[in-house]
Amino acid sequence: MSPTDRPGGQMQTAAEVPAASEGPAVVSAPAASEAPDARIRVRRQLPRVSEVRELLQFRAPVLDPVQRRLERALTIEDLRRISRRTTPRAVFDYVDGGAEAEVTAQRNLEAFRGAVFVPEGLNSVADPDLSTELLGERIAFPLVFAPTGYTRMMHHEGEAAVARVAQRNGLPYALSTVGTTTIEEVRDAAPRGQNWFQLYLTNDRALNTEMVGRALAAGCTTVVLTIDTAVGGGRHKDTRNGLTIPPSLTVQTFLDMARFPYWWANKLTTAPINFASLRDYPGTSKDVAAMLFDPGLDWDDLAWLRAEWPHRLLVKGVLNPADVQRAVGLGADGVIVSNHGGRQLDRTPATLDVLPAVREAVGPDATVLLDSGVRNGQDIIAAIAQGADAVMIGRAYLYGLMAGGERGVERAVEILRTEYRRALQLLGLDATSAIAPRHVKVGGV
């Protein structure tokens with residue numbers, strides 16, 4: 001290295017001169033011989049018993065198998081997996097499956113998964129108000145139990161169990177025309193509940209009048225007219241399993257059912273499964289089913305029902321804004337945006353995707369509910385942000401029913417309510433009424 005002059009005649013090497021262009025000088029690490037002395041030594045001690053006890057808080061074993069499996073369920077998907085292990089495959093497929101290639105069923109789920117949440121900061125959310133007003137009544141949070149058929153096939157406690165859970169939680173429950181429990185039995189199970197009745201208008205006007213009268217006498221507050229079942233959807237899983245009307249079980253399906261003695265025992269020792277509200281109608285179950293799916297249903301039938309039913313009337317199964325406007329124009333109090341959970345016409349759009357257009361078509365005053373694809377409390381927020389007043393769930397609570405009867409339905413409600421409350425708080429919102437379109441961005445058609 002080239003020496004340079006030091007002041008006073010001392011020599012300095014170039015390596016000792018810091019270069020201005022090279023940035024700050026680098027502080028060298030201690031020499032290897034100094035490392036052991038520079039190391040920080042950690043003081044060790046034996047743990048106190050109280051500290052170990054705080055870390056290892058073992059829970060007492062749960063002996064009740066139903067309670068044990070329900071406690072492990074943290075999501076609706078967990079309940080779905082459990083129900084697959086507790087219910088014969090044909091029954092599970094009936095609940096879980098959709099029509100044709102099940103494209104619509106998957107679209108419903110994917111639409112909610114694609115929702116993007118935009119939170120607000122520094123808002124107090126210490127005690128959020130989850131409740132909302134629906135059709136003139138206050139409900140605990142924006143959730144309604146949708147009508148489902150053959151419910152006692154999933155679990156022997158059936159619709160009565162669902163109605164009791166709805167009543168306890170301050171939520172409406174809609175009984176299906178093809179339910180396995182009568183209108184009167186649901187009223188007796190939940191006399192203080194907000195009980196609705198879902199109606200399939202048949203080609204028998206006298207029978208229609210009778211069902212409307214029974215719903216009125218049983219204290220139902222709302223009738224739901226389903227209009228997307230001109231014919232039955234092509235549910236290939238049910239056909240392959242032999243779960244048709246009437247049933248034609250395959251050997252494989254029968255052998256699979258034999259693996260579930262608890263399910264069989266409950267079916268054999270409780271009332272037969274049938275269309276309970278129609279059990280006195282003459283003919284076979286096939287005759288009844290053919291009558292319920294009426295391809296002749298038209299707008300005149302809706303006008304007739306509006307004249308017959310004095311309370312709230314909703315039209316379920318609409319996706320087209322023009323149909324929505326016409327239904328409200330004929331006197332319906334609102335609509336349920338639904339593709340039947342993907343169980344009727346396949347390849348329709350996801351309900352979340354068409355919801356904004358439906359809300360725009362009917363304006364702010366008509367009631368709009370969304371059905372199909374709700375599996376998480378966050379889904380409820382997404383639907384409300386896009387224009388719904390509340391959502392309806394079907395599969396979500398049926399998974400709970402199959403997993404643990406009435407307790408399983410209760411667990412499904414707990415899961416959805418917890419998810420809804422948590423998401424509302426994390427969005428920075430203190431009430432259901434505070435949800436606005438700016439909080440959720442969605443794609444769609």
Side-chain angles (χ1 to χ4, degrees), residues 95 134-135 143-154 158-163 166-167 171-187 189-190 193-202 204 207-230 232-233 274-279 281 288-289 291-294 297 301-302 304-306 308-318 327 332-341 343-344 351 367-372 374 390-398 401:
V95 173
L134 182 68
L135 295 170
L143 186 75
V144 177
F145 289 88
T148 60
Y150 278 125
T151 311
R152 287 184 52 247
M153 179 177 66
M154 294 79 167
E159 290 90 352
V162 182
Q167 177 180 266
L171 302 170
Y173 168 65
L175 173 69
S176 172
T177 297
V178 293
T180 49
T181 304
T182 67
I183 306 171
E184 295 79 12
E185 289 166 339
V186 165
R187 176 200 59 202
Q194 295 185 38
N195 296 322
W196 299 3
F197 183 64
Q198 177 272 332
L199 181 65
Y200 285 120
L201 281 178
T202 73
D204 185 329
L207 178 60
N208 296 336
T209 301
E210 177 191 333
M211 287 193 292
V212 170
R214 288 174 63 185
L216 186 62
C220 293
T221 61
T222 301
V223 157
V224 176
L225 174 65
T226 298
I227 65 169
D228 60 358
T229 54
N274 52 31
F275 299 138
S277 294
L278 302 167
R279 64 169 58 120
Y281 188 84
V288 173
M291 175 188 61
L292 291 171
F293 296 104
D294 181 10
L297 187 71
D301 293 301
L302 173 58
W304 173 85
L305 179 59
R306 178 67 285 179
E308 289 288 311
W309 179 251
H311 301 315
R312 301 293 188 180
L313 173 62
L314 299 176
V315 177
K316 179 177 181 288
V318 293
D333 296 287
V335 296
I336 301 171
V337 182
S338 172
N339 51 37
H340 221 103
R343 295 168 63 81
Q344 284 296 102
T351 52
T367 297
V368 176
L369 280 75
L370 176 139
D371 170 272
S372 307
V374 175
V391 303
M392 300 185 88
I393 57 169
R395 287 185 179 94
Y397 77 78
L398 291 179
L401 185 69

How long is the straight-line distance from [atom2] of [Y] back to [atom1] of [X], given to the nearest 0.5 Å?
X    : Y    : atom1 : atom2 : answer
D228 : R343 : CG    : CZ    : 11.5 Å
Q344 : T226 : CD    : OG1   : 9.5 Å
Q194 : T221 : CD    : OG1   : 6.0 Å
L292 : T202 : CG    : OG1   : 7.0 Å
I393 : L171 : CD1   : CG    : 8.0 Å
M154 : T180 : CE    : OG1   : 8.0 Å

pair [X]-[Y]: side-chain heavy atoms closer than 4.5 Å:
X    : Y    : value
W309 : L216 : yes
V337 : V368 : yes
M392 : I336 : yes
P172 : W196 : yes
T222 : F197 : no
T351 : D371 : no
V335 : L369 : no
R306 : L313 : yes

Answer yes or no: is there a donor N or O on one side and an acceptor on the other, between the side chain of [X] and the main chain of [Y], under 3.5 Å?
X    : Y    : value
D333 : L314 : no
S372 : G341 : yes
R214 : E184 : no
Q198 : A174 : no
N195 : A190 : yes
Y397 : A146 : yes

For this session: Indicate yes or no: does E159 engage R152 in a salt bridge with an N to O separation below 4.0 Å.
Result: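 Here E159 does not pair with R152 in a salt bridge, since their nearest N and O are not under 4.0 Å apart.
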Which atom pair, heavy atoms only, marks the closest approach of [X] to [Y]?
X    : Y    : result
K316 : S338 : NZ-OG, 3.6 Å
V186 : A163 : CG1-CB, 3.9 Å
L135 : R312 : O-NE, 3.8 Å
S176 : Y200 : OG-CE1, 4.4 Å
T182 : S277 : CA-OG, 3.8 Å
A327 : V315 : CB-CG2, 4.1 Å

Exercise. Should the ring pair Y173 and F145 be called parallel, tilted or perpendicular, given that the plane angle runs from 0 to 90° and is split at 30 and 60?
Worked result: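 The rings of Y173 and F145 stand perpendicular, inter-plane angle above 60°.
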Exercise. Is the gap between the ring centers of F275 and Y150 under 6.0 Å?
Worked result: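 Distance test on ring centres: under 6.0 Å, yes.
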Exercise. Which residues pass the side chain to side chain contact (heavy atoms under 4.5 Å, CB included) test with L297, sequence neighbours left out?
Worked result: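 L297 satisfies side chain to side chain contact (heavy atoms under 4.5 Å, CB included) with L201, I227, D301 once adjacent residues are dropped.
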Problem set entry | Worked check of side chain to side chain contact (heavy atoms under 4.5 Å, CB included) between V224 and L199 | CA-CA 6 Å; V224 176; L199 181 65; over 6 Å; no
For this session: Identify which one of L305, L207, V223 satisfies the side chain to side chain contact (heavy atoms under 4.5 Å, CB included) criterion when paired with V212.
Result: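 When L305, L207, V223 are each tested with V212, the side chain to side chain contact (heavy atoms under 4.5 Å, CB included) holds only for L305.
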For this session: Applying side-chain hydrogen bond (donor to acceptor under 3.5 Å, both in side chains), name anything that partners T367, two or more places apart in sequence or on another chain.
Result: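 With sequence neighbours excluded, T367 shows a side-chain hydrogen bond (donor to acceptor under 3.5 Å, both in side chains) to no residue whatsoever.
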